[in-house]
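Down below is the structure, laid out as structure tokens.
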Amino acid sequence: MSDAAQKELPKGYEPRDVEERWRVFWEENACFTPKPEDPDKAEAAPYSIVIPPPNVTGNLHIGHALNLTLQDILCRHARQLGKQVLWVPGEDHAGIATQNVVERRLAAEGKSRHDLGREAFIERVWQWKEEYGDNIRRQIRAMGASVDWTRERFTMDEGLSRAVRHVFVRLYNEGLMYKGRYIINWCNRCHTALADDEVEHSPQKTSLWLIRYPLEDGSADLVVATTRPETMLGDTAVAVHPEDARYARAVGKNVRLPLTNRLIPVIADGYVDREFGTGALKVTPSHDHNDWHLGRKHNLECIQVIDDKGSMNEHAGAYQGLSKEDARSRVVADLESLGLLQEVREYENSVGRCYRCQAVIEPHVSVQWFVAVKTLAEKAKNAVPEQTRIFPASWLKTYYAWLDSIRDWCVSRQIWWGHRIPAWTCDNCRKLLVLESDPATCPDCGHSAFTQDPDVLDTWFSSALWPFSTLGWPDDTPELRRFYPTSILVTAFDILFFWVARMMMMGLHFMGQPPFLHVYIHALVRDAQGKKMSKSTGNVIDPLAMIDKYGTDSLRFTLAVFAAMGRDIRLSEDRIESSRHFMNKIWNAARFALMNLEKDAPGPLDVAAAAALHHRWILHRLEELKSGQLAALAEYRFNDAAQALYRFVWHEFCDWYLELVKPDMQSESGERAASARFILWTALREILILLHPFAPFLSSEIWNVLPGNERSADLSSVAFPPQRDLAHFAEDAERMEMLQEAIVAVRTIRAELNIAPAYRLTVLIRPADAGAGAFLEAHRQLIISLARLDSLTIDPAAIIPRLSASNVAKGNEIIVPLSGAVDCAAEVSRLDKELAKLDKEHAMLSAKLANPSYRQKAPQDIVERDQTRVAELRETQGKLRILQEKFVEGLRRETEN
RNA sequence: GGGCGGUUAGCUCAGUUGGUAGAGCAUCGGCCUUACAAGCCGGGGGCCACAGGUUCGACCCCUGUACCGCCCACCA
């Protein structure tokens with residue numbers, strides 16, 4: 001940091017000037033690039049995280065910012081604890097999403113992907129990726145993420161593609177990957193199959209049509225209820241409940257399907273809900289998931305009437321060529337004219353939509369590749385919580401429930417952008433070959449012409465391998481040996497199933513160990529309406545705008561301080577602004593310290609024997625902060641850690657300690673100033689270290705100019721400050737409160753009686769006892785300085801002047817003689833108010849203590865504490881009343897004279 | 001239908017093992033006290049959703065109710 005060499009800080013903190021220099025510094029010095037085989041680090045514990053790879057298509061949104069912030073806090077903290085840390089960055093190719101984006105671009109040029117052809121289209125997507133992958137890289141970098149860029153990965157890069165093929169082939173050979181005909185979720189717009197969890201359900205107003213299906217023998221009509229009349233053309237049965245008396249006679253007979261005149265059987269199945277609709281269900285195995293299962297069970301024919309573009313096909317007879325929407329109206333109209341439409345009811349059901357493009361999903365029967373997940377899911381389930389712990393644990397149930405109800409995973413997608421399925425068919429003998437490398441000759445017939453399966457794999461297939469594929473698997477690499485399993489996965493709950501559960505399955509199956517020891521599931525950052533932000537809806541907030549306006553550290557600190565476990569964050573700009581205030585506060589505290597410190601590091605001094613009270617106090621509090629932070633971060637209580645830091649730095653270090661230290665600095669005594677300098681320097685130094693995981697830029701910048709540090713001092717490599725045993729300061733720290741209360745008492749009188757802050761008061765203190773008197777006497781300078789006094793008399797026998805405002809603090813009577821024009825009524829009512837407050841507390845406590853069972857059953861220390869408090873209150877009230885009476889009397893004599 | 005979470009100051013939210021509540025912003029009063037007006041000092045403001053229960057004692061534990069939100073499964 002050569003150009004930041006002047007050991008002086010500008011007046012306000014300007015993040016923009018500072019941040020970029022540090023990003024460059026960290027990269028140029030390879031600060032976050034661990035060497036797994038470094039003998040010096042052999043003793044260090046490994047700590048690793050793989051980044052949840054953002055989509056190449058998107059911009060980083062505020063949710064990513066939260067995700068990155070939390071991971072970075074953990075990584076930087078782990079480095080401070082002496083661990084060898086690897087954080088692997090990377091991006092996801094996001095099959096459907098990316099293809100959609102590029103296709104939209106092509107559409108703007110009036111072209112479709114088919115105009116380009118597969119090769120050229122994929123080339124086009126790669127170009128897009130190069131452009132936008134860089135965008136995301138810049139944004140991760142902007143957040144200050146301490147990732148190892150030398151190990152950046154992309155789900156479609158060569159190594160990961162190899163891992164994907166390897167996994168596919170092994171699963172196939174193990175019988176866990178199979179090709180089968182099945183009903184799947186089909187998106188007409190994306191023109192591909194989707195996995196069950198890629199379908200989002202939302203309510204929709206529609207109608208329930210009641211249609212009459214005449215029995216073949218003409219004895220009666222069966223009335224079925226449906227929300228999709230157009231699919232009736234593909235009906236192959238009508239199902240009723242086996243115990244439904246209304247339909248008992250119809251079971252086993254046939255009905256004549258209207259509009260087609262096909263005969264279809266009436267079957268009985270317990271699946272049918274007698275209460276719903278008419279209790280008779282039309283069964284269309286080709287176009288409904290439940291009907292598909294029913295059809296399989298009853299060996300029903302499967303007639304597909306809607307094609308993969310959403311139009312009626314040749315099996316739809318007269319309706320062929322119509323869109324499914326047009327077919328619906330025509331079918332309904334035709335039924336009505338035939339008198340077969342009994343009723344139309346208003347109805348609301350939920351309709352499945354594509355999670356990428358929101359188009360309505362059509363159940364569709366086709367040949368797809370599936371992963372048999374039963375055994376994999378079982379392993380994933382059993383590994384939690386013994387091998388992998390989930391935070392917060394409330395997600396356990398959800399995790400188990402999902403794995404319990406999981407169905408085979410449809411992994412083939414009919415798009416072009418993605419990992420091509422490594423399966424070939426021999427052009428000659430039709431043999432299917434599943435291989436890691438392209439086949440040369442057919443093992444059966446010796447021919448060498450093959451056709452590769454045109455489909456690609458689900459994006460989440462490669463994502464599932466991420467924790468080990470990024471470390472070099474299937475090769476046996478030093479990274480893999482050192483850093484697998486990873487320490488923790490940090491992610492939002494919305495991809496718990498898509499991603500986390502599948503990583504667990506694949507990691508356990510292929511590595512024999514779970515992919516991570518801990519999973520921390522953080523909040524979702526929601527928009528102003530509390531709605532989930534998503535790339536496809538476009539309601540995202542650009543964290544870069546916040547960074548630009550308030551600085552990265554402010555954004556990071558805000559996200560951390562609100563990251564309470566298990567609760568969503570609704571982010572607003574004024575919160576980020578208040579974090580900026582905090583950053584600036586620290587900056588100025590540092591400026592003050594630097595003004596008072598000398599060029600070289602002060603000291604050394606025996607901290608455990610620190611002389612003055614305020615030094616002992618701040619050091620003691622600092623130790624408490626340190627152990628608090630260690631505990632909080634170990635349990636992922638980011639908000640607790642950040643909040644404790646905030647309170648300590650602002651309200652203890654700045655509000656009190658810096659003020660207390662001012663007189664030291666001006667002191668004649670060189671020794672006193674020297675020890676103050678050392679403690680100030682020590683406290684600031686450690687504050688910066690504690691702050692660093694949360695605000696890496698600001699802390700680094702200040703660290704860099706702190707006396708005693710080299711010009712290129714790198715805070716990111718500085719260890720967490722060793723803890724000191726300062727338990728013997730605890731009593732001093734407590735007595736500090738007496739001082740603070742006395743000072744506040746004077747300030748309150750000043751404020752409420754409207755005495756100018758600049759006016760130097762004369763104050764008398766009648767101490768509670770000899771001990772308090774000696775104590776206050778010993779620290780009279782601090783009181784004079786912080787309460788802005790002219791003179792201070794500490795004397796148990798001090799005469800109370802006629803007109804004087806007063807307060808009682810820990811039994812000490814604080815008396816401020818008044819002169820000149822004073823608002824006397826204000827003082828009387830102030831004391832009234834004060835007394836009323838004490839009365840209330842006194843009444844509450846004495847009622848409690850009057851209860852015999854309380855005195856009997858409550859823990860002794862609690863009872864004693866209350867008793868002490870009551871005695872204290874009584875004493876304070878007594879003194880305050882006397883002081884008030886004296887004041888009133890003084891007033892009266894004034895007026896008499 | 002199943003599961004999860006929420007209800008605390010005007011707003012947005014914290015609250016570690018039960019000992020009657022805190023922050024930020026907002027608000028009121030006073031201050032350019034030479035680190036910081038992005039600041040300092042002081043004040044006001046809460047039957048902790050409601051009803052029961054356990055307990056000496058409940059924001060906290062248990063049961064139920066109301067409203068809000070999310071996830072999963074979906075009755076055609």
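So that the names make sense, note that chain A is the first sequence line, chain B the second, and so on, each numbered from 1. Keep in mind it's a predicted model, so treat the numbers as computed, not measured.
Contact annotation: side chain of A:Ser394 to base of B:rC4, donor-acceptor pair absent below 3.5 Å. The base of B:rC36 lies close enough to the side chain of A:Lys585 for a donor and an acceptor atom to sit less than 3.5 Å apart.
For B:rC40 and B:rA26, the P atoms lie 13 Å apart once the distance is rounded to whole Å. Rounded to a whole angstrom, the distance from the C1' atom of B:rA14 to that of B:rG6 is 14 Å. Across the C1' atoms, B:rG10 and B:rC72 are found 38 Å apart, a figure rounded to whole Å.
For the atom pair CG of A:Asn639 and CG of A:Leu559, the computed distance is 12.5 Å after rounding to the nearest 0.5 Å.
Using a 4.0 Å cut-off, no side-chain N or O of A:His651 falls inside it from OP1 or OP2 of B:rC40. The shortest distance between the side-chain N/O atoms of A:His581 and the OP1/OP2 oxygens of B:rG39 is below 4.0 Å. Contact between the side-chain N/O atoms of A:Lys662 and the OP1/OP2 oxygens of B:rU33 is not found at any separation under 4.0 Å. In this structure, A:Trp650 reaches the B:rC40 phosphate: one of its side-chain N or O atoms is under 4.0 Å from OP1 or OP2.
Using a 4.0 Å heavy-atom distance criterion, A:Phe582 is classed as making no nucleic acid contact. Within 4.0 Å of A:Arg647, counting heavy atoms only, lie sugar-phosphate atoms of the nucleic acid but no base atom. A:Met844 comes within contact range of at least one nucleobase, with a heavy-atom separation under 4.0 Å. Backbone-only contact: A:Asn851 has heavy atoms under 4.0 Å from sugar-phosphate atoms and none from a base. No engagement by A:Asp288 is indicated, since no non-hydrogen atom pair under 4.0 Å with the nucleic acid exists. Within 4.0 Å of A:Arg637, counting heavy atoms only, lies no atom of the nucleic acid at all. Residue A:Trp209 is classed as having no contact, given no heavy-atom separation below 4.0 Å to the nucleic acid. In this structure, A:Ile755 reaches neither bases nor backbone, as no heavy-atom distance under 4.0 Å exists between it and the strands shown. Nucleic acid contact for A:Tyr347: sugar-phosphate only, since backbone atoms but no base atoms lie under 4.0 Å from a heavy atom of the residue. Residue A:Glu275 is out of contact with every strand shown, counting any heavy-atom pair closer than 4.0 Å.
Closest to the side chain of A:Met595, out of B:rA38, B:rC71, B:rA35, is B:rA35. Across B:rA76, B:rC36, B:rU20, the shortest atom-to-atom separation from the side chain of A:Leu281 is found for B:rA76. The side chain of A:Pro859 sits closest to B:rG19 out of B:rC25, B:rG42, B:rG19. The A:Tyr854 side chain lies nearest to B:rG19 when the options are B:rA38, B:rA76, B:rG19.
For the pair A:Arg685 and A:Trp681, the cation-pi test (distance below 6.0 Å, angle within 45°) is passed. In this structure, A:Lys585 is not positioned above the aromatic face of A:Tyr646 in the sense of NZ or CZ being under 6.0 Å from the six-membered ring centre and within 45° of the axis.
Rounded to whole Å, atom C1' of B:rG46 lies 10 Å from atom NZ of A:Lys840.
In terms of position along RNA chain B, the nucleotide closest to A:Phe653 lies nearer the 5' end than the nucleotide closest to the other residue of the pair A:Phe653 and A:Gly277. Along RNA chain B, the nucleotide closest to A:Ala593 and the one closest to A:Gly12 are compared, and the more 5′ of them pairs with A:Ala593.
Aromatic ring centroids of A:Trp395 and A:Tyr399 lie 6.0 Å or more apart. When ring centroids are compared, A:Phe582 and A:Phe694 stay outside the 6.0 Å threshold.
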